[in-house]
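Working notes for the structure below.
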Amino acid sequence: MASEEDDDPIIQEIDVYLAKSLADKLYLFQVNLHLFGIKLCRFDMFVVELEMAINTLSPNYCRSKGEQIALNVDGTTSEDSNTYSVKMMDKQTFTSIQSTTNTSRYAAAVFRKGELHITPLQGILQMRPSFSYLDKADGKHREREAANEGGDSSQDEVEEDVKAVTVRFSRPESDQARQRRILSYDFLQKKQAEEPWVYLHYHGLNDGRSDHERQYLYCQAMGGSENTELVKTPKEYLAMLMPPITEEKIVRPVGPSNVLSMAQLRTLPLGDQVKTLLKNVKVIPFANLMGLLTPGTDSTAVLRCIQQVALLVQGNWVVKSDVLYPKNSCSPHSGVPAEVLCRGRDFVMWRFTQERSVMRKEVTAIIKLLPEDVKDFLEHMAVPRINRGWEFLLPSDSDFIKKHPDVAQRQHMLWIGIQSKLEKVFNFSKEDLVSKKDPQTEAMHVSGEQRLKAAHERARQNQPSLQKDLSARRQGKGGAGPSGGAAVRVKEEPVSDGEDEPMDTSSSSSALPNGLVNGYPSAATSAALNPHNGHGGTPMPSPSPELRDFVWNMFRKQHVLTLSEVKRLFNLHLASLPPGDSLFHSISDRLLQDTILMSHCKQILVPFPAQSTAAADEQKVFAVWETGETFDKHRQVLYEIFMKNYRVRRNVIQTRLTQEMGDQVTKDDVDRLLKECCVSFGGMWYLKGTLQS
């Protein structure tokens, strides 16, 4: 011990004093620039803005760029509220953020005459550049664009759809809802924006006021009685150097109430971790959940926790309804209490345990909630698919079911209990839902080759009886017959060429029309020939009057439609028909195209670019060619232009119309033509439906 002291002798002793005059007022700014001005705002946290002067006379300063920025921000007007009063960017604003939330270990020290005076810091603020002037410039730019669009002609105007207005009355705000609103990020931002700024005066380094304030950095009372914090016994000093281990309280930074970092998440108990993750993602595979938790977490413990807050649907875990809609809460759309919302969402989850896709219209008809609430349920666990309704968000996880059969069986029994409760509440049965879709599903999945084999088999079975009847008839009539042949001919159905596949119509019932199965003509309808689309001589059923009326009325309203859009509108029309209506059944793409061409329409062969991502049905563009109006000639000229160009400018269309029609073409005629048949993007005009998003 003595040898160690000799090797490390004491060179000098310095008295340390603790100054308290500025203990709750001293802040450290991390900035190294000349100050132009300073303003201060206190709002729960300490927020400071510093305005730094920019040397506009420096050879490194771009004067033209500074003037352009000032013009974008303030415009051409001269007002007191302008950001840059000299029409040039001559200053830059810095905004403070807290470098650390715990400043108890930091202090400012001054050394004078062999004495060290330290003052505890109240806060450490790091100054960072603020680009709020760019937001202001963007706002000015949007205002100018809105003003220009408002004063433009009607060529870009789109008719607004008539929408039903739902009148709702606000409910009294609960304490929980008010607490969530107060802690939300939007509320904090709004409150901070309303807080008035307190402008301060800056004193330089050599200013008299600065020198006066610097004196408070020295301890005012030099007596030992005033510095009891620095006078400790050896035991107390040792306890300060090695304090007992205590759990440190983590101070969370202020942020949005619905955001939780992974570091904070892993400090929670396992059950709260699982519940928080499920509330955020709504649906998740078990393997992904384990990847989000702390490495080494026991999967058995996770399974116990997840079954308390989620249900198994197609091998994936979906958060329970009562977790999302706790007791005493209500719907933000309709004000429906949480109990009703939970029943409706449980029904949607149960439907996904039975099939991959559901139709929102069918769900709404059973649970009888507003479409907005039903859409919220579906968005939690499904995605919309064209012609298929809403499909479950994730693929079925059969690996989890094989690995954990006991959990899967337990969840299956739980769903049986939930199903029985739902059947009593909503007055339905599982068999009713299954019977509605089974006939259609079977009809849609019978291939032409299978039907051909079935027809051959039936012909072989019926051939003996038919031969016997034919022989008896010949004996009775002396062998005279219309054909004189003894063989029975079996008519083979034509093989599909790829365009005769039926459209996926959700409202089809089990009743199929005579002579047409899955869009394929039978022998009873083979008399009609189809002369359109290069299929001359192929037997095709003629379109019904109802189908022709629907197509004609649709093109009279829209004028230009792609085959994909026609099929979408047709499916919407089928969905609006009352249950049991059998006017339209198994309408094939080929029959639909023939009906369009028979309705005074023509296919426009638009030259799509090679890099286009449009599907085949989206590249088939049809337009009404003749309506009996004098305006037909204008449309035909427009269609001829788009047969050679994928997109054109307005002046090209106007010039071509003037060449074909003469000077009688007015600006109103061009506006009407473009509004009926085209859409605009980036100064170019496209036929409706050909512009890819």
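No hydrogens, no waters, no symmetry mates; every other heavy atom, side chains included, goes into these values.
Side-chain contact check for Arg128 and Gln126: at least one donor-acceptor pair (N or O, by modelled atom type) lies under 3.5 Å. Under the 3.5 Å distance criterion, with hydrogens and angles disregarded, no donor-acceptor pair is assigned to the side chains of Asn427 and Glu423.
Between Ile284 and Leu289, some side-chain heavy-atom pair lies under the 4.5 Å cut-off. By the 4.5 Å heavy-atom criterion applied to side chains, Leu394 and Pro285 are counted as neighbours. Under the 4.5 Å side-chain criterion, counting only non-hydrogen atoms from C-beta, Val302 is in contact with Met290. Inter-residue side-chain proximity for Met381 and Met349 is flagged as met; some heavy-atom pair is nearer than 4.5 Å. Within the 4.5 Å cutoff, no side-chain heavy atoms of Lys368 are placed close to those of Ile366. Side-chain contact between Leu125 and Leu28 is absent, with no heavy-atom pair separated by less than 4.5 Å. Residues Asn72 and Lys136 have side chains not in contact (no heavy-atom distance under 4.5 Å, counting atoms from C-beta outward). Taking 4.5 Å as the limit, some side-chain heavy atom of Lys20 sits within range of a side-chain heavy atom of Leu18.
How far CG of Asp397 is from NZ of Lys403: 10.5 Å, rounded to the nearest 0.5 Å. Summarising the geometry, atom CD belonging to Gln419 is positioned 12.0 Å from atom CG belonging to Leu414; distances are rounded to the nearest 0.5 Å. The distance from the OG atom of Ser321 to the CG atom of Asp346 is 4.0 Å, given to the nearest 0.5 Å. Distance CD/Gln411 to CD1/Ile416: 12.0 Å, rounded to 0.5 Å. The CD atom of Gln273 sits 5.0 Å away from the CG atom of Leu265 when rounded to the nearest 0.5 Å. Going from atom CE of Met359 over to atom CH2 of Trp390 covers 11.0 Å, rounded to the nearest 0.5 Å.
When all heavy atoms of Val358 and Arg351 are compared, the closest pair comes out as CG1-CB, 3.7 Å. Looking at every heavy atom in both residues, Leu217 comes nearest to Thr119 through O-OG1, 3.7 Å. The nearest pair of heavy atoms linking Ala408 to Leu312 is CA-CD2, 4.0 Å. When every heavy atom of Ile124 is checked against every heavy atom of Tyr106, the shortest pair comes out as CD1-CG, 3.9 Å. The two atoms that bring Lys91 and Tyr84 nearest to each other are O-CE2, 3.7 Å, heavy atoms only. When every heavy atom of Leu369 is checked against every heavy atom of Thr364, the shortest pair comes out as O-CG2, 3.4 Å.
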Test Phe352 against Leu378 for side chain to side chain contact (heavy atoms under 4.5 Å, CB included), laying out the working first. CA-CA 10 Å; Phe352 279 120; Leu378 292 171; 4.1 Å; yes

So Lys421 and Trp350, side chain to side chain contact (heavy atoms under 4.5 Å, CB included) or not? Walk me through it. CA-CA 11 Å; Lys421 293 180 181 178; Trp350 172 79; over 6 Å; no

Go through the steps for Asp373 and Arg345 under the test salt bridge (Lys or Arg N to Asp or Glu O under 4.0 Å), then give the verdict. CA-CA 9 Å; Asp373 290 327; Arg345 188 174 180 274; over 6 Å; no

Decide yes or no on side chain to side chain contact (heavy atoms under 4.5 Å, CB included) for Thr93 and Glu51, but give the supporting numbers first. CA-CA 4 Å; Thr93 303; Glu51 291 181 352; 4.1 Å; yes

One pair to check against side chain to side chain contact (heavy atoms under 4.5 Å, CB included): Val318 and Leu311. What are the steps and the verdict? CA-CA 5 Å; Val318 182; Leu311 293 170; 5.6 Å; no

Full working for salt bridge (Lys or Arg N to Asp or Glu O under 4.0 Å) between Lys375 and Glu372: CA-CA 5 Å; Lys375 186 178 180 182; Glu372 291 84 355; over 6 Å; no

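Put simply, the side chain of Ser420 gets close to the backbone of Gly417: a donor and an acceptor are under 3.5 Å apart. Judged by distance alone, the side chain of Ser329 and the main-chain N or O of Ala338 form no donor-acceptor pair under 3.5 Å. Asn316 contributes a side-chain N or O that, together with a main-chain N or O of Pro395, makes up a donor-acceptor pair within less than 3.5 Å. A donor-acceptor pair under 3.5 Å links the side-chain atoms of Ser96 to the main chain of Val48, judged by distance alone. Of the possible donor and acceptor atoms, none in the side chain of Thr690 sits under 3.5 Å from a partner among the backbone N and O of Tyr686.
Phe400 and Phe286 have tilted rings, their planes meeting at an angle from 30° to 60° on a 0 to 90° scale.
The environment of NZ in Lys282 is crowded: more than 12 heavy-atom neighbours from other residues, nucleotides or ligands sit within 6.0 Å. Around NZ of Lys65, the count of heavy atoms belonging to other residues, nucleotides or ligands within 6.0 Å does not exceed 12. For NZ of Lys688, the number of neighbouring non-hydrogen atoms (other residues, nucleotides, ligands) closer than 6.0 Å is greater than 12. Environment of NZ in Lys320: crowded, with over 12 heavy atoms of neighbouring residues, nucleotides or ligands closer than 6.0 Å. The 12-atom threshold is exceeded at NZ of Lys87, counting heavy atoms of other residues, nucleotides or ligands nearer than 6.0 Å. Crowding of Glu379 atom CD: a count of heavy atoms from other residues, nucleotides or ligands under 6.0 Å exceeding 12. Residue Tyr61 qualifies as enclosed at atom OH: its count of foreign heavy atoms under 6.0 Å is above 12.
Remark: Arg356 pairs with Gln314, Glu391, Phe392, Ser396 by the side chain to side chain contact (heavy atoms under 4.5 Å, CB included) rule, at least two apart or across chains. By the salt bridge (Lys or Arg N to Asp or Glu O under 4.0 Å) test, Arg142 pairs with no residue at all, sequence neighbours left out.
In this structure, Arg181 does not pair ionically with Asp186, as no charged nitrogen and carboxylate oxygen lie closer than 4.0 Å.
The one candidate from Leu278, Thr276, Asp272 that meets the side chain to side chain contact (heavy atoms under 4.5 Å, CB included) condition with Val274 is Leu278.
Taking the six-membered ring for Trp and the full ring otherwise, Phe347 and Phe426 have centroids separated by under 6.0 Å.
Counting only residues at least two apart or in different chains, side-chain hydrogen bond (donor to acceptor under 3.5 Å, both in side chains) contacts with residues 287-313 comprise Gln307-Arg410.
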